[in-house]
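Accompanying notes for the structure given below.
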Amino acid sequence: PRRAMAQGKPGDTIRVAIATPAGAVDPVTVADDGGLTMLIQAGEFLCVTQADLTLKPVLATSWSHNDDSSVWTFKLRPGVKFISGGTLKADDVIATIDRLADPANASNALSAFKGILSKGNARKVDDLTVEFHLDAPYGAFPYVVSSDNYNCIILPASYKGDYEKNWDGTGPFKLDKFTPKVGASFVRNPDYWGDKALPDRTEFTYFDALQPRILALQGGQVDLIDQLPVIGGQALLNDPNVTIIREKSTAHQQVHMRCDAGPFADKRVRRAMALTLDRQKLVAGLLRGYGEIGNDTPFATVYPSAAPTIAQRKQDIAEAKQLLEAAGVGKGFKVNLTTETYLEIPQYAVLLQNFARAVGIDIELKIESQDAYYGKAVFGQSDWLDSTMGITDYGHRGVPNVFLRAPLLSDGSWNAAHFKNKDYDALVDQFGRTSDVGGQRDLAAKIETLLLDETPVLFGYFFDYLVPTRKGLAGIPPIPNRLFLDRAGFV
Amino acid sequence: MLGLLLRRLPYAAVTLFILSLLVFAGGQLLPGDVGRAVLGPLADPRAVAALNHQLGADRPALVQYGEWIGRFVRGDMSQSFAFRAPVAPFVGAALWNSLKLGGVAFTLVVPLGILGGIVAALNRGRLLDRAIVLVGLSATVVPEFVSGIVLILVFGIGLKLFPISATPPPGAGAAVQLYYLVLPAIPLVFIVFGYIARMARAGTVEALDSDYARTAVLKGLPRRDVVMRHVLRNALLPTITVVASQTGYLVGGLVVIETLFHYQGIGSLIYTAARGHDFPMLEAGIMTVGVIYVLSTLAADMLLAALNPRIRAGGRA
Amino acid sequence: MTLLAEADRGSGVSGTALRPDALRISGLDVSYRVRGRSRPVLRGLDIAIPAGGTFGLVGESGCGKSTAAMAAMRYLPRNGRTDAGRILVGGRDVTALPAAALRDLRRHSVSMVYQDPGRALNPTIRIGAQVAEIYGLDGAGPEEARARALAMLGRVRIADPASVMERYPHQLSGGMQQRVVIAMALAVRRELIVLDEPTTGLDATVEAEVLDLVETLRRENGTAVLFIGHNLEVIARMCAEVGVLYAGRLVEQGPTRAVLANPRHPYTVGLLRCLPRRGLDRRRERLDTIPGFLPTAATAPAGCVFAPRCGLARDVCRADPPPLIPLGDGRSSRCHFHAEAPHLPRNAPAQAPAAPADRAADAPLLAVTGLNMTFRQGRQAVQALRDIDLSVRPGETLGLVGESGSGKSTLARILLGLTVPDADSRLALDGEALLPLGRRRDLAAIQMVFQNPDSALNRAHPIGRIIGRALAKLAGLGGAARRERMLALTRGVQLADAYLAAKPRQLSGGLKQRVAIARAFAGRPRLIVCDEPTSALDVSVQAAILNLLADLQAEQGVSYLFISHDLAVVRYVSDRIAVLYLGRLMEIGPADRVFAGPHHPYTEVLLSASPGPDGAVKRVPLSGEIPSAVDPPSGCVFHTRCPRRIGPICDTEEPPLSPRQDGHAIRCHLDSADLGRETAP
Amino acid sequence: MSAVGLPAARRTTLGFERLRLLLRSPAFLVGLGIILFWVSCALFGRLLVDPLADDILNSLAPPSAEHWFGTDELGRDMFARVIAGSRDILVVAPLATLLGIALGTALGLVMGFFPGWVDDVLSRIVEAVLALPLLILALLALTALGASNATVVAAIGLSFMPIVARTVRAAVMTERNLDYVAAARLRGESALHLMGFEILPNILPPIVVELTVRLGYAIFTVATLSFLGVGLQPPSPDWGLAISENYALIGGGYWWTVLFDALAIASLVIAVNLVADGLAEVAE
Ligand SMILES: Nc1ncnc2c1ncn2[C@@H]1O[C@H](COP(=O)(O)OP(=O)(O)OP(=O)(O)O)[C@@H](O)[C@H]1O
Ligand SMILES: Nc1ncnc2c1ncn2[C@@H]1O[C@H](COP(=O)(O)OP(=O)(O)OP(=O)(O)O)[C@@H](O)[C@H]1O
Ligand SMILES: [Mg+2]
Ligand SMILES: [Mg+2]
């Protein structure tokens, strides 16, 4: 069932197993799945990305931009009440965004705003109109203040950093009870501005590990779990009592190859590596078909901006060997691949290792905890950023901009591949400014061609987002990584 | 008795102090920092620095420790870095959970283990003895995650006799809570049974072979009286120490069981705190386990002294 | 004397008519299963003890004495088995009794006292309860049982029995513990009591008392006694009949006095000759020894078990095992040539080492002045040694005696530098200050021979390495020189070269002690401290070791500080004797003078406690326990227990160590004339 | 005295006698057999089977003639992985044990040999470390050091140290008071010599027993750490790791992905303990 959007009946209690929020639930600092799931129960965004990656207006009713997309004007929804009592005004939105854009604030959204919007540049036009004056023109700006940037739930201007005290927001639910590290429950918000939530109640139980979550669903103790990776999740995929809500996402694992040193400094070697991958087999085997193949660029086919004309890279051992020969490493070489224990990455690494063996590339795996892998997350103090070859997880984004920028721009702060290319930088800059899909596609074609030639990063596949639910539960919107439960109910 | 307690208390305090120092020193080795741990790898370094500053985690280590210990001795466990809330309720809840699970396991395994050991000793060399020893040995050495998984499969998912989670629904009564704790307690019983049985067996064998047991037999006492009056009390003395040494594990060492059965105990609290660089939480968790351990060894010593007049009189053990 | 013996026996015989024998063991074979093999330990043992009779069983360690005792109680170790024979206690066959009857037998008819009373008592139960339990089994109610227990403790002469009832075993001294065990054994009137070395490990003074007590109670109750010991003196004192056990067989048996006066088995003869007798002087006469080792019953030779060690053995001995041959007068001997036994050739060369010149005038080798030693135990100060002045001359042996806890070992450790005395103490060797071990210059000068040969040798090292290392460190020898000297040393202590490759556990106790002696002589020692070097050894081995020490002294002119609680041994080896009591030197002087008297009242007590196998000395009783060194009595420290106390002066004023004659000094207020002397045997 | 040869009964050396005893114990032999089996798997397993070869399109196949133990999620042959899974644990666990024993013995010797403040201070520290359950200690160490075979060895070795030290200390305390030590001091031996050459050889039997017991724990702990994800890392076919990767699958009926690994761990730990028991018995 691709869309489980059948309407459930109202009045149910929905029990959910999610990952334990890693720390205090605070919109400014939250960085993990568990925490953001908590945020979006009572909190709302200006707009929300949809399954087709378009934006749905929520607290904003509409938005527009000036000619070069450097100033964006958002109209706010009138009559929206905060759970704490006040009415949503421009000041609240400005305070929320400023809070997140303030470098002094330990804001997790800071990197998303970096180079796009600075503190103080959101201006009030009237009580229901806000203008954002960007640092530089940016065509996809609404995504930056949408659910894509999950810290951006709109809070009253008076918010003091004590979110766990009152769980303020404008959403369809309000908090019933919260016990840190144990769970939380919500009840319907009777004052919600839109359609009132169907469930009477939602109950979230926190789990540290995936397996107990799976067992809890199988054991009937919960009705759905937040996300299921295919690896390790086979038990549920075949379970007749479980319905899998499946949505295409742009989440993927980037395999970076250092372009500035080591065996991969020669782009022919990088291309050869890319040619060893049997991507169909990856999707069919590693993802059990729940995903789609990648073409070594961030442009997943779900992105409207993706260029439709670029040829798909296929496994070609002969050509790979030729390339290696040409690069002077026809006998193959040894290389270390460093990566993290997360989702199916270790298994992916094993498959890469086996693929590469066909052309004589001998990959030695070093698989470490996420802590160890990311280290201090700055160059020189991070296995992630310093390794010759590595695999890094990237979550779903509504637009490819983030993927195009930080990991690939010459001065990108996540540029583990150490890829430095002026042409690329210029193309991405231009892409950023462009707001119409046609223009974006033209640029995308150029970018994709360039990346296929250079291949600093392998994008082997994009995996689907899977939410297993108890059979009969309906109304969970198929939006990757965002559990909105207000339409949920059993049929 | 009181004298013994007063003599031992300073030692216990010193032990705990050293423990806190060790944890603190060890904490300095953890890679990364709390700001990065909270905000994730993709966060802006300025935000990370800001958070570290807010939490005071960027101050010199000794200053942090000084402040922490200063509060700790006044009974204040400080604020959690990750949760930015007082640590005490977290530790309290986790401890209470651990004590419940450990307590269930303890009350099951101690009588069982002692009985097993004594029965084995009284049947020394016979089939029953070998059977008990072998069962104890095997049960003790099979890791919890192996036995736990089997139990979950068979009784939780297969037969659906027991819940597979140890956490009862909120507001559950004592009986329900107990019902939820049965399955997770069993692997612990397995593990500890062997130790206790082995110790009880050895103690009983030794006591049975002792000269005073011979005296008792040669007095013409019936075997039952020899065992009950002369053997058991001496036989179980070493077992007490073993039981006490296991309480640390039963309370604080259950990371695997807590993970398998989804239970918020002190073991997982320590582990997540360490991974999250939540230093105050880590220290508090470890000190709690340390205090439990120290208290239980102290209790064991007192019990030993009560049962063994030789220790009662003598000075340091 | 013969008359008396016959009369004793006669009463036994007439008793048989009325009452069955208290114990009759016939043809008893016992074996232990060790590692799946059966190892015989007793073979064809026959013993009969008439009702009320006393029987002593002697023999070297490991010959099966305890096994016999345990078999009689039907309480063999789990791996022990009675293969053949019958054991009748009061006419009932214990080997065939069902469990209930066996319990009944143990409640009413037999009981046992064994070595190490500390372990025989349950450490976690109060004394009173342990004793009262017996009366409970006898059918008494709790009140009555306690009352009877209290009375019984009084009967075994425990002072303040009411408070002892409330105590735990560890709060009693060894002597007191043994009294409690005896009280339990004799709590109800029994037909037979088995005593297995009940006094080994106790001080001579305490031993004497315990033995007296057993004797008295036995007479009162008419209980028969099977007394096991390795000490012939004690057996002589306690038992009308004696059996000599060798490698699981009874080799000689008969009335004690007759056997001891006129032994008819070479083994008995040898045993008696090993003992240092009064009047024997090491400078003039050597002790005799029995060569070789005790075979285990399993490795026993085909013929006579004693043949390999027997000076009389001939072919027939090696071929045919002799039967137990009756000799009349109730005596029997398992020897083909029992008539010749008294003429067993001496094993040791008769000629004694040349007597060294009298060195009384020489400058002392070791001089100790004003030695004090205080141990700190928490807040308490233990005064282990007070004001010790003594000296040892070159080539002389100074014997050191005193009760357990009197400070003998502490003095030894101080001399060796292992313990550092109080600051004001002065020690000098050859006039040079003697420093503690870390700073001592000539380490080889003072060495030690320890009491327990098992722990004195590192069991992980072969003998050659143990001695070699000592040679390297103490004599600075290496290479061929070391090897040469090592062989000389081992031959000097009569140790076969083959042993150099062996580990200590492959050696018997006596051999180990030889190794220890060789080690002590590795450098050129001036003084050797021997702390009870033979107390863990059998008498035959003891004799060989004492001979060896005497030979080495004669050869090398070394001095000994010889610590022992066996007065006969001290007397034999010492030139001079020092008597310690509670850390004080009570008396010091030439050996003969100290023994002959006048001597200190404490010495008198010690002497009377060990009368020797032949002479019966009137025992001077010593009351009470040795006081605590933490809080020693005021005045003369011995006044609390002194049989010759003269009055208040003893309680208040500490007497000086006053010189009497010929270098003899005594710490007593009494005049020499009023002090005790040795009564002639 | 006539030169007598060594008495015959004493001539058999203790070591030989112990060996004979050991070989009579069926439990010991079974244990030894299992250990030898796994050791040979560890040594030669990878010559016969490839635990890494994937057949991703044939994943989670049940046991069959082709795949005796079925296949895992990447289609790797479980039989090959179970066989090869013995290698890492049989390298890591013994090394960790040896490290722990070596460090613990050194510490225990010092503690037992220097009573007084040295012992007091070290004892407090040891006691403090012992207050933490071993697993927690190892977890913390690994969190600090990062997971790799070397750090697992270090973490387990270090966490064994105090326990071993305590055992050794007790043994040293009894030995230290024996006369042979006094005799050695009388010839001026240094503390180091006394500890290393006089006392150490005599406390080897309890140390050997401790070694085997610790080895059992080490295997247990390595497996548990792998299960928790901080021990051995993928793609090692390590048993604990495999169970951790696969145990969520058993609810789906893929029991073969954990069963054989679980049996392997159990058999190895039980075998080591059987051997330990046998050794302890003959060491008395
Ligand atoms: N439980 C046992 N198992 C095996 N052998 C034993 C056992 N008890 C004693 N033996 C052996 O039997 C022999 C006789 O032992 P027993 O204790 O009877 O000798 P003993 O004459 O009492 O010696 P001691 O004077 O040392 O007490 C010895 O060789 C001893 O080693
Ligand atoms: N290390 C110590 N600390 C405290 N007190 C000690 C110490 N060593 C010995 N003492 C005490 O010193 C006194 C003398 O002991 P020592 O061992 O010298 O006696 P001993 O005459 O050798 O006795 P034994 O005949 O039992 O060997 C005893 O009261 C003993 O308790
Ligand atoms: Mg004996
Ligand atoms: Mg002594």
Side-chain angles (χ1 to χ4, degrees), chain A residues 17 20-26 28-32 102-114 161-162 164 177 179-183 185 203 205-209 211-213 215-216 218-221 369-378 381-382 384 392 394 402 406 413-414, chain B residues 30-55 79-85 89-90 93-94 97 149 152-153 156-157 160 162-167 169-170 255 258-264 268-269 271-272 274-278 281:
Chain A
T20 311
V25 179
D26 174 354
V28 179
T29 54
V30 158
D32 62 303
D102 185 347
N105 251 356
S107 156
N108 189 53
L110 197 58
S111 54
F113 285 121
K114 190 175 166 195
D162 48 356
E164 285 182 4
K177 184 161 180 281
T179 316
K181 300 195 88 168
V182 174
S185 56
E203 288 175 3
T205 312
Y206 302 154
F207 286 78
D208 289 333
Q211 285 83 349
R213 267 178 266 173
L215 292 175
Q218 283 188 315
Q221 293 180 353
S369 71
Q370 287 193 285
D371 277 351
Y373 180 64
Y374 287 110
K376 290 226 181 271
V378 291
Q381 296 180 53
S382 161
W384 162 40
T392 311
Y394 279 86
V402 169
S413 47
W414 310 335
Chain B
L30 294 180
D33 54 64
V34 58
R36 188 50 80 186
V38 168
L39 293 176
L42 304 186
D44 192 293
R46 291 172 296 169
V48 172
L51 186 56
N52 280 334
H53 186 72
Q54 266 179 31
L55 296 172
Q79 294 248 324
S80 155
F81 282 169
F83 293 91
R84 277 166 273 159
F90 287 96
N97 279 345
I149 287 172
I152 288 182
L153 271 178
I157 294 176
K160 294 206 189 297
F162 288 97
I164 51 164
S165 156
T167 312
V255 185
E258 286 164 12
T259 308
L260 272 181
F261 289 91
H262 177 237
Y263 196 61
Q264 297 290 334
S268 354
L269 178 108
Y271 182 41
T272 30
R275 296 215 304 188
H277 303 273
D278 194 346
M281 186 82 95

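Every chain is numbered from 1 and lettered A, B, ... according to where its sequence line falls, protein lines coming before strand lines.
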For B:Phe261, ring pair (Phe, Tyr, Trp, His ring centres under 6.0 Å) partners two or more places apart: none
For B:Gln264 and A:Lys181, indicate whether the former's side chain and the latter's backbone hold a donor-acceptor pair under 3.5 Å. yes
Shortest non-hydrogen separation from A:Gln218 to B:Lys160 and the atoms involved: O-NZ, 4.2 Å
Salt bridge (Lys or Arg N to Asp or Glu O under 4.0 Å) evaluation trace for A:Asp26 with B:Arg84: CA-CA 10 Å; A:Asp26 174 354; B:Arg84 277 166 273 159; 3.2 Å; yes
Is a side-chain N or O of B:His262 found less than 3.5 angstrom from the main chain of A:Thr205, in a donor-acceptor match? no
Do you know which of A:Ser107, A:Ala31, A:Pro103 has the most heavy-atom pairs with chain B at a distance under 4.5 angstrom? A:Pro103
Contact part of A:Ala209 toward chain B, heavy-atom cut-off under 4.5 Å: side chain, backbone, both or neither? side chain
Please identify, among A:Val378, A:Asp102, A:Val28, A:Leu215, the residue contributing the most non-hydrogen atom pairs under 4.5 Å to chain B. A:Leu215
So which part of A:Thr29 gets closer than 4.5 Å to some heavy atom of chain B, the side chain, the backbone, both or neither? both
Side chain, backbone, both or neither of A:Tyr373 within contact of chain B (heavy atoms, under 4.5 Å): neither
Contacts under 3.5 angstrom, residues 36-43 of chain B side chains, donor-acceptor by atom type, not counting sequence neighbours:
unit_1	atom_1	unit_2	atom_2	d
B:Arg36	NE	A:Lys376	O	3.3
B:Arg36	NH1	B:Gly40	O	2.9
B:Arg36	NH1	B:Pro41	O	3.1
B:Arg36	NH1	B:Ala43	O	3.0

Over all heavy atoms of both residues, which pair between A:Ala22 and B:Phe83 is shortest? Give the atoms and the distance, please. O-CZ, 4.0 Å
Examine whether an atom of B:Ile152 lies under 4.5 Å from a heavy atom of chain A, and if so say whether it belongs to the side chain, the backbone or both; otherwise answer neither. side chain
Return the option, out of B:Ala82, B:Pro45, B:Gly35, with the maximum number of heavy-atom pairs under 4.5 Å with chain A. B:Ala82
Contact class of B:Pro89 relative to chain A, heavy atoms under 4.5 angstrom: neither
Side chain from CB out, backbone as N, CA, C, O: work out which of these in A:Gln221 comes under 4.5 Å of a heavy atom of chain B, or both, or neither. side chain
Tell me, for B:Thr167 versus chain A, whether the close heavy atoms (under 4.5 Å) come from the side chain, the backbone, both or neither. neither
